[in-house]
Amino acid sequence: MMSEKALQSKRIVLCVTGSIAAYKAVSLLRTLIEEGAEVSVVMTSSATQFVAPLTFEVLSGRPVLQRLFADVHPMPHLKVTEDADLILVAPATANCLAKCALGLADDLLGTLFVAARCPIVMAPAMDGDMWDYPALAAHVRTLRERGVVVLEPEDGPLASGLTGKGRLPAEHMILEAVRARLARQRDWAGQRVLVSAGPTREPIDAVRFITNASSGKMGYAMAEAAAQRGAEVVLVSGPTALPPPPNVTCVPVLTAEEMHQELESRFAWSTVLVMTAAVGDFRPRHPSSAKTKKHEWTGEPLELERTPDILQSLSQKRTHHVLVGFAAESEDLLANGRKKLHQKNLDLLVVNRITGPQSAFGNETNEVILLPRDGTPIQVERLPKRILADRILDTIREQCIGPPASRSQQPHEGIRRIQ
Ligand code: C5P
């Protein structure tokens, strides 16, 4: 028997906008069809400057929709969105992101966005400076807050001749996001997830402190993914430079002690604890509340003491909870991971390597091993942290929580309207 393809019979609207990366949408269309999807293509008029509609027409076997008023359907924006399981915009230009965030409906693409009821994935492509433009960053935030999956563009050589962040994400990343969005509508609804993220900061005196290189990106990605999948999420975060993820309650902390208190006070409320934070293991035993003057230091070593092991201490108080830890290891990843999993009485440990150029710390991507308490280790390929977060949530769901309530029991399964 033939196994079912990943996108079998899924009705996808592929919107192509006017970027040089429009040529990559041709290959994307072929792959979507190979995966079993039924694809209708919408092109903006600038997209037709880069690739002829005929190319998409022949490959999709359907007319390409370009105009609001004069195509095959009298009201194409309504017909197309009514039937769609997912809208994929690839490449999405700066103009397209702005238009969709503002809900401007002056062409077919803008209008079908406003009319859409299905999940939406956008894969941006533009020059690096454009991606960094503050107004665009605000539009991306708005779209994400409304439940649209806006992928991060990739770093690399750009059509302008410059190198930077702005390339269309690789095809397999776009496909992964499409599959993920279709599979994981609101499968975490009903869960209350407590996530810790970032480093902690242990004071030496009024201005100096001990910290570590954690950026917080993995924890923020976990919080964002869980919230998008319907969970209620509280994120207790040490100091980071990251904006709070949409629809997540953020609790800022500095020290391990503060993080411990904030997590402990919410532990009974939570159903799942995801301990992504790189909690400092040591702190100065006698921090000074004033700034120690240079000449006052007589050469005595800084006396340190252990901080509380938050995860260990909460795992002793667990009742119904699912506990997930993260371990940063430089050697013997599996053996050290297993030891930690049992020592801290966890359901799942995510082990990542912290040495080498591809270290988990600060990077956009991460390569991990998932160690479930009652299963075999799962080696996950290198992925952007946001996509990895969904994989980790999948594993927690499958191995530690069990299948979600049936769709009709879920409190809210509608996809938010973009307007
Ligand atoms: O023992 P190790 O620090 O490698 O364990 C890592 C896991 O334990 C992480 O999930 C981390 O957030 C958590 N941890 C903690 N309190 C500490 C140190 C680590 O909760 N003081």
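Atoms within each ligand, like the ligands themselves, are counted from 1 in listed order. Positions are given from 1 along the sequence.
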**Student:** When you measure from the side chain of R181 to the backbone N and O of V149, does any donor-acceptor pair fall under 3.5 Å?
**Tutor:**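 Such a contact is absent between R181 side chain and V149 backbone.
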
**Student:** Got a salt bridge between E202 and R306, using NZ or NE/NH1/NH2 to carboxylate O under 4.0 Å?
**Tutor:** no

**Student:** Among all protein non-hydrogen atoms, which one is nearest to atom 16 (N) of ligand 1, and what is the separation to 0.1 Å?
**Tutor:**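 For atom 16 (N) of ligand 1, the nearest protein heavy atom comes out as I310 N, 3.0 Å.
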
**Student:** What protein heavy atom is closest to atom 4 (O) of ligand 1, reported as residue, atom name and distance in Å?
**Tutor:** K340 NZ, 2.5 Å

**Student:** Could you tell me which atoms of ligand 1, counted from 1 in the order shown, lie closer than 4.0 angstrom to a heavy atom of G325?
**Tutor:** 10 (O)

**Student:** Between D205 and K291, is the closest basic N to carboxylate O distance under 4.0 Å?
**Tutor:**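 No.
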
**Student:** Please list the nearest protein heavy atom to atom 11 (C) of ligand 1 with its residue and the distance rounded to 0.1 Å.
**Tutor:** A277 O, 3.4 Å

**Student:** Among all protein non-hydrogen atoms, which one is nearest to atom 10 (O) of ligand 1, and what is the separation to 0.1 Å?
**Tutor:** M275 O, 2.7 Å

**Student:** Using a strict threshold of under 4.0 Å (side-chain N to carboxylate O), is an ion pair present between R386 and E224?
**Tutor:**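 Yes, E224 and R386 are salt-bridged.
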
**Student:** Quick one: does P308 get a heavy atom under 4.0 Å from ligand 1?
**Tutor:** yes

**Student:** Of the protein's non-hydrogen atoms, which lies at the shortest distance from atom 20 (O) of ligand 1, and what is that distance?
**Tutor:** L311 N, 2.8 Å

**Student:** Would you say the side-chain atoms of Q343 and R338 include a donor-acceptor pair closer than 3.5 Å?
**Tutor:**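 No, because no side-chain N or O of Q343 sits under 3.5 Å from a partner of the opposite role on R338.
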
**Student:** Which ligand 1 atoms, with their elements, are less than 4.0 angstrom from a heavy-atom of T307?
**Tutor:**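 Taking each heavy atom of T307 in turn, ligand 1 has 21 (N) under 4.0 Å.
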
**Student:** Name the closest protein heavy atom to atom 18 (C) of ligand 1, giving the residue it belongs to and the distance to 0.1 Å.
**Tutor:** D281 OD1, 3.4 Å

**Student:** In terms of side-chain geometry, is the basic nitrogen of E176 or R391 positioned less than 4.0 Å from the acidic oxygen of its partner?
**Tutor:** yes

**Student:** What protein heavy atom is closest to atom 8 (O) of ligand 1, reported as residue, atom name and distance in Å?
**Tutor:**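 Minimum-distance protein heavy atom for atom 8 (O) of ligand 1 reads K344 NZ, 3.0 Å.
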
**Student:** Quick test of your reading of the model: are D187 and R229 salt-bridged, counting only N-O distances below 4.0 Å?
**Tutor:** yes

**Student:** Considering non-hydrogen atoms of the protein only, which is the closest contact for atom 9 (C) of ligand 1, and what is the distance?
**Tutor:**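 Nearest protein contact, heavy atoms only, for atom 9 (C) of ligand 1 is F326 O, 2.8 Å.
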
**Student:** Among V233, T271, V193, exactly one meets side chain to side chain contact (heavy atoms under 4.5 Å, CB included) together with W188. Which residue is that?
**Tutor:**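 Output: one option passes, namely V193.
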
